[in-house]
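For the single chain, residues carry numbers from 1 onward in sequence order.
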Amino acid sequence: MYISKEEKKIPISDPTGRWSDLTLLPEWEEEIYDVYTVKKHGKWIMLKALKPELRDDPKSQAILEQEFDTRYNLAHPNIVMVNDLERIPEIGMAIVTDDAYGYSLRRLIDEKRLTPKIIQRLVTQLPDALEYIQENHVKHLPVTPEGIIFTEYNENLKLTNVGYDHRDRLESQDTKQDIIDYGRLMNEVLDNLPENLPRLRKVARLAENPESDINSIHDLKMRLISRNQKSVVVWLLVFIAVMLGVLIWLNIR
């Protein structure tokens, strides 16, 4: 786990020896949650717990439990995995997740450390994660640079704040908002790149525009793929159509 100088070690009293090295991570703070890293039996994990002033508030406790229930069954390579809901010494009930070993997109933007691989992950992995969330009818907060982690070694994208409620269906404004948020995020990223990426900028501006014709993540992904990739898709469709035609002709004979 990357530990910055802003992060704070918290003394933890645990006679069982299960927990150690509890550290508050201000960078990952959410509206009602603090986020921590800690060792459980010597292995790093992350915790999402209510802020101290909310720990005894029944409404906040219900929100924490609802978010756990919503996220527990989600499994996607670009979403931080939720493993348990457990009472932790010093901080109370907490959502236990895998350790996200890396850096937030916000930090990478601010420190001007964006790389071509990170841009590629935003073009491919982020839409895939959003599509998965929508397919599972999960209501979530806006996607922002603060809620995206890139792992330290291979720069894989991980969403941290992926949902707090499960619905029977999502409203069209929910799915459209994801596209608008994606466009807004990508425009900020592009504003902080030394080089100009006009094709990606065009898609980002379209996505951010509420009046655009990008109305689904599928539409967005099709706009994001390169012309060469589009040509391959067209070629494959033509090939499949020809093969189907041959099969039909052979069956008729």
Side-chain angles (χ1 to χ4, degrees), residues 25-35 46 48-51 54 59-60 63-64 66-71 74 76-82 95 97 100 102-110 114 118-119 121-150 156-192 200-201 203-221 223-224:
L25 308 176
E27 184 176 354
W28 310 113
E29 179 184 15
E30 298 179 23
E31 183 179 0
I32 68 169
Y33 299 120
D34 283 331
V35 178
M46 291 182 76
K48 188 173 182 178
L50 294 171
K51 291 181 178 295
L54 298 174
K59 183 178 179 181
S60 299
I63 291 173
L64 177 73
Q66 180 175 294
E67 180 164 343
F68 170 75
D69 290 340
T70 299
R71 292 185 57 182
L74 297 180
H76 189 278
N78 302 120
I79 291 175
V80 174
M81 181 73 72
V82 164
I95 295 172
T97 76
Y103 308 85
S104 72
L105 178 58
R106 170 58 60 211
R107 181 185 291 268
L108 294 171
I109 290 173
D110 292 346
L114 296 169
I118 286 172
I119 304 305
R121 300 292 197 243
L122 289 169
V123 168
T124 57
Q125 294 181 347
L126 182 53
D128 282 347
L130 290 173
E131 188 169 48
Y132 175 82
I133 291 168
Q134 290 189 3
E135 286 172 350
N136 283 274
H137 304 159
V138 174
K139 186 88 171 174
H140 61 93
L141 296 174
V143 176
T144 65
E146 289 76 11
I148 297 173
I149 292 175
F150 286 91
N156 276 329
L157 181 149
K158 296 281 187 180
L159 275 177
T160 63
N161 188 11
V162 300
Y164 58 85
D165 193 15
H166 182 270
R167 303 290 174 87
D168 292 334
R169 60 185 294 272
L170 293 178
E171 301 297 330
S172 58
Q173 61 262 32
D174 295 325
T175 55
K176 182 67 173 180
Q177 190 60 50
D178 279 345
I179 296 165
I180 295 170
D181 292 340
Y182 178 87
R184 185 175 296 124
L185 180 146
M186 288 303 299
N187 275 314
E188 181 178 357
V189 168
L190 292 168
D191 288 342
N192 287 274
L200 187 53
R201 174 71 80 176
V203 176
R205 284 174 174 164
L206 274 174
E208 189 175 2
N209 181 1
E211 304 302 321
S212 79
D213 61 351
I214 303 178
N215 293 311
S216 69
I217 299 296
H218 176 74
D219 292 344
L220 176 64
K221 291 167 77 171
R223 296 293 183 100
L224 287 168

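Within a 6.0 Å sphere centred on CD of Glu31, other residues, nucleotides and ligands contribute 12 heavy atoms or fewer.
A distance of 11.0 Å separates CG in Asp128 from CD1 in Ile133, rounded to the nearest 0.5 Å.
In summary, the side chains of Glu188 and Asn192 do not present any donor paired with an acceptor at a separation below 3.5 Å, with no hydrogens or angles considered.
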From CA spacing to verdict: side chain to side chain contact (heavy atoms under 4.5 Å, CB included), Ile109, Val189: CA-CA 7 Å; Ile109 290 173; Val189 168; 4.0 Å; yes
Residue pair Leu185, Leu122: steps toward the side chain to side chain contact (heavy atoms under 4.5 Å, CB included) verdict: CA-CA 10 Å; Leu185 180 146; Leu122 289 169; 4.1 Å; yes
Verdict with supporting geometry, Ile148 and Thr160, side chain to side chain contact (heavy atoms under 4.5 Å, CB included): CA-CA 6 Å; Ile148 297 173; Thr160 63; over 6 Å; no
Trace of the side chain to side chain contact (heavy atoms under 4.5 Å, CB included) decision for Asp178 with His140: CA-CA 9 Å; Asp178 279 345; His140 61 93; 2.8 Å; yes
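For Asn156, the side chain to side chain contact (heavy atoms under 4.5 Å, CB included) partners at least two apart in sequence or on another chain are Arg121, Gln125, Thr151, Asn154. Considering only residues two or more places apart in sequence or on other chains, Asp34 meets the side chain to side chain contact (heavy atoms under 4.5 Å, CB included) condition with Leu24, Glu29, Tyr36, Lys51, Pro52.
Between Glu171 and Lys139, no side-chain nitrogen of the basic residue sits less than 4.0 Å from a carboxylate oxygen of the acidic one, so the salt-bridge criterion is not met. With respect to Arg107 and Asp110, no salt bridge is recorded, no charged nitrogen being found less than 4.0 Å from a carboxylate O.
Side-chain atoms of Gln66 come within 3.5 Å of backbone N or O of Tyr164 as a donor-acceptor pair. With hydrogens and angles disregarded, no donor-acceptor distance shorter than 3.5 Å links the side chain of Tyr33 to the backbone of Trp28. Of the possible donor and acceptor atoms, one in the side chain of Lys158 sits under 3.5 Å from a partner among the backbone N and O of Pro77. Using modelled atom types, no side-chain atom of Asn209 and backbone atom of Arg205 make a donor-acceptor pair closer than 3.5 Å. Remark: side-chain polar atoms of His166 are not paired, donor with acceptor, to backbone N or O of Thr70 under 3.5 angstrom. In this structure a side-chain-to-backbone donor-acceptor pair under 3.5 Å is missing from Arg106 to Glu27.
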